[in-house]
K.L.:
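Here it is: the structure, laid out below.
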Amino acid sequence: MTRRPFIAGNWKLNLPPEPAAEVARKLRHLLADRGNVDVAVFPTALSITAVLDCLQGTGIEVGVQEVHPAASGAFTGANSPAMARKIGCTRALVGHSERRQIFGETDRGVNQKVKACLAHGLLPVVCIGETLEQRQADQVDLVVHGQLATALDGLQPDQLSALTLAYEPVWAIGTGQTATPDQAQAVHASIRGWLRAHFPAYVAEEMRIQYGGSVKPANAAELLRCPDIDGALVGGASLDPDSFAGIITAVG
Ligand code: PEP
């Protein structure tokens, strides 16, 4: 089956409201004829409403970078999936390696957040990937399969159509060191194989698996040509509207 490509931009802790709105206005113009590709941006929470205003009616989705499992309550500093959905976000990043490494996010926490997103109609983009040490120790499959097993624990097959997976080798994030198409394809195929072994066949067929890690206009097309790579999660290059649009037109 053909899976519609999905390109997402993770703006991390960059672009306060007015610069974020400026990037969004440029994307609105640059991506007016983007063809057969889904696009989302994940601004910092403080810029979400400004970006939503600029992208209204464009079909470019806006998501939140981080959610807490609870819908409301005494959780200082947290973002609620219910509230994110209410203001107009459609997606949430869950389990990004920076959340895991800097903020102590666990696989079990990822699972709780995925379930909270689904309960409130927010589509999770679940990030998994190995460190350089784990790759060098030949543990790539072990690590990503373990991350998947816990992240998806307790989910019914039909719920999985709401999810996107993002394979992001930690050593490739923000380093300029992209996985080769062969390296990335091998892990994407292994992820799809794991899904096939644990869920009905349609889940693996339909699941979009993005690659993330130093994707740029110059390498996007060759990565996206791989049979199991269905899109990209883009950090640094998504801050510049021309390069983000360049990635999208390279695959659209
Ligand atoms: C990311 O933060 O998800 C990412 C892939 O970053 P970069 O594209 O900068 O490597």
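In listed order, ligands and their atoms are each counted from 1.
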K.L.:
Nearest to atom 1 (C) of ligand 1, what protein heavy atom do you find, and at what distance?
P.N.:
H96 NE2, 3.2 Å
K.L.:
So, regarding K12 and ligand 1 (criterion: nitrogen or oxygen to nitrogen or oxygen, under 3.5 Å), is there a contact or not?
P.N.:
yes
K.L.:
Please list the nearest protein heavy atom to atom 9 (O) of ligand 1 with its residue and the distance rounded to 0.1 Å.
P.N.:
G236 N, 2.8 Å
K.L.:
With a 4.0 Å cut-off, would you call D153 and K115 a salt bridge?
P.N.:
no
K.L.:
Should L142 and V144 be regarded as members of a common hydrophobic cluster, given that ILVMFWY residues are connected when their side-chain heavy atoms come within less than 4.5 Å of each other, either directly or indirectly?
P.N.:
no
K.L.:
Just which atoms of ligand 1 are under 4.0 Å from any heavy atom in A172?
P.N.:
10 (O)
K.L.:
Enumerate the atoms of ligand 1 whose separation from the nearest heavy atom of S214 is less than 4.0 angstrom.
P.N.:
7 (P), 8 (O), 10 (O)
K.L.:
Using a heavy-atom cut-off of under 4.0 Å, does the side chain or the backbone of C127 touch ligand 1, or both, or neither?
P.N.:
neither
K.L.:
Who's closest to atom 8 (O) of ligand 1 heavy-atom-wise, of S238, G235, P169, G129?
P.N.:
G235
K.L.:
Please confirm whether A237 comes within less than 3.5 Å of ligand 1 when only nitrogen or oxygen atoms on both sides are compared.
P.N.:
no
K.L.:
Using the rule that Ile, Leu, Val, Met, Phe, Trp and Tyr join whenever any side-chain heavy atoms are under 4.5 Å apart, tell me whether I173 and I7 fall into a single cluster.
P.N.:
no
K.L.:
Does G212, backbone or side chain, put an N or O under 3.5 Å from an N or O of ligand 1?
P.N.:
no
K.L.:
Using a strict cut-off of 4.0 Å, indicate which atoms of ligand 1 neighbour a heavy atom of E168.
P.N.:
1 (C), 3 (O), 4 (C), 5 (C)
K.L.:
Would you say the side-chain atoms of N14 pair up with the backbone N or O of W11, donor to acceptor, closer than 3.5 Å?
P.N.:
yes
K.L.:
In terms of side-chain heavy atoms, does D107 have a donor or acceptor partner in Q147 at a distance below 3.5 Å?
P.N.:
no
K.L.:
Would you kindly confirm whether V125 and V41 end up in one hydrophobic cluster when ILVMFWY residues are joined by side chain heavy atoms under 4.5 Å apart?
P.N.:
no
K.L.:
Going by the atom numbers of ligand 1, which of them fall below 4.0 Å from some non-hydrogen atom of G174?
P.N.:
7 (P), 9 (O), 10 (O)
K.L.:
Which class fits the ring pair H188 and Y211: parallel under 30°, tilted 30 to 60°, perpendicular over 60°?
P.N.:
tilted
K.L.:
Taking all non-hydrogen atoms of both residues into account, name the closest pair between L123 and A162 and its distance.
P.N.:
CB-O, 3.4 Å
K.L.:
One residue to check: N10. Relative to ligand 1, which of side chain, backbone, both or neither has a non-hydrogen atom less than 4.0 Å away?
P.N.:
side chain
K.L.:
So if I count the atoms of ligand 1 from 1 in the order they appear, which ones are less than 4.0 Å from some heavy atom of G213?
P.N.:
5 (C), 10 (O)
K.L.:
Please name the pair of heavy atoms, one in A237 and one in S243, separated by the smallest distance, quoted to 0.1 Å.
P.N.:
O-OG, 3.0 Å
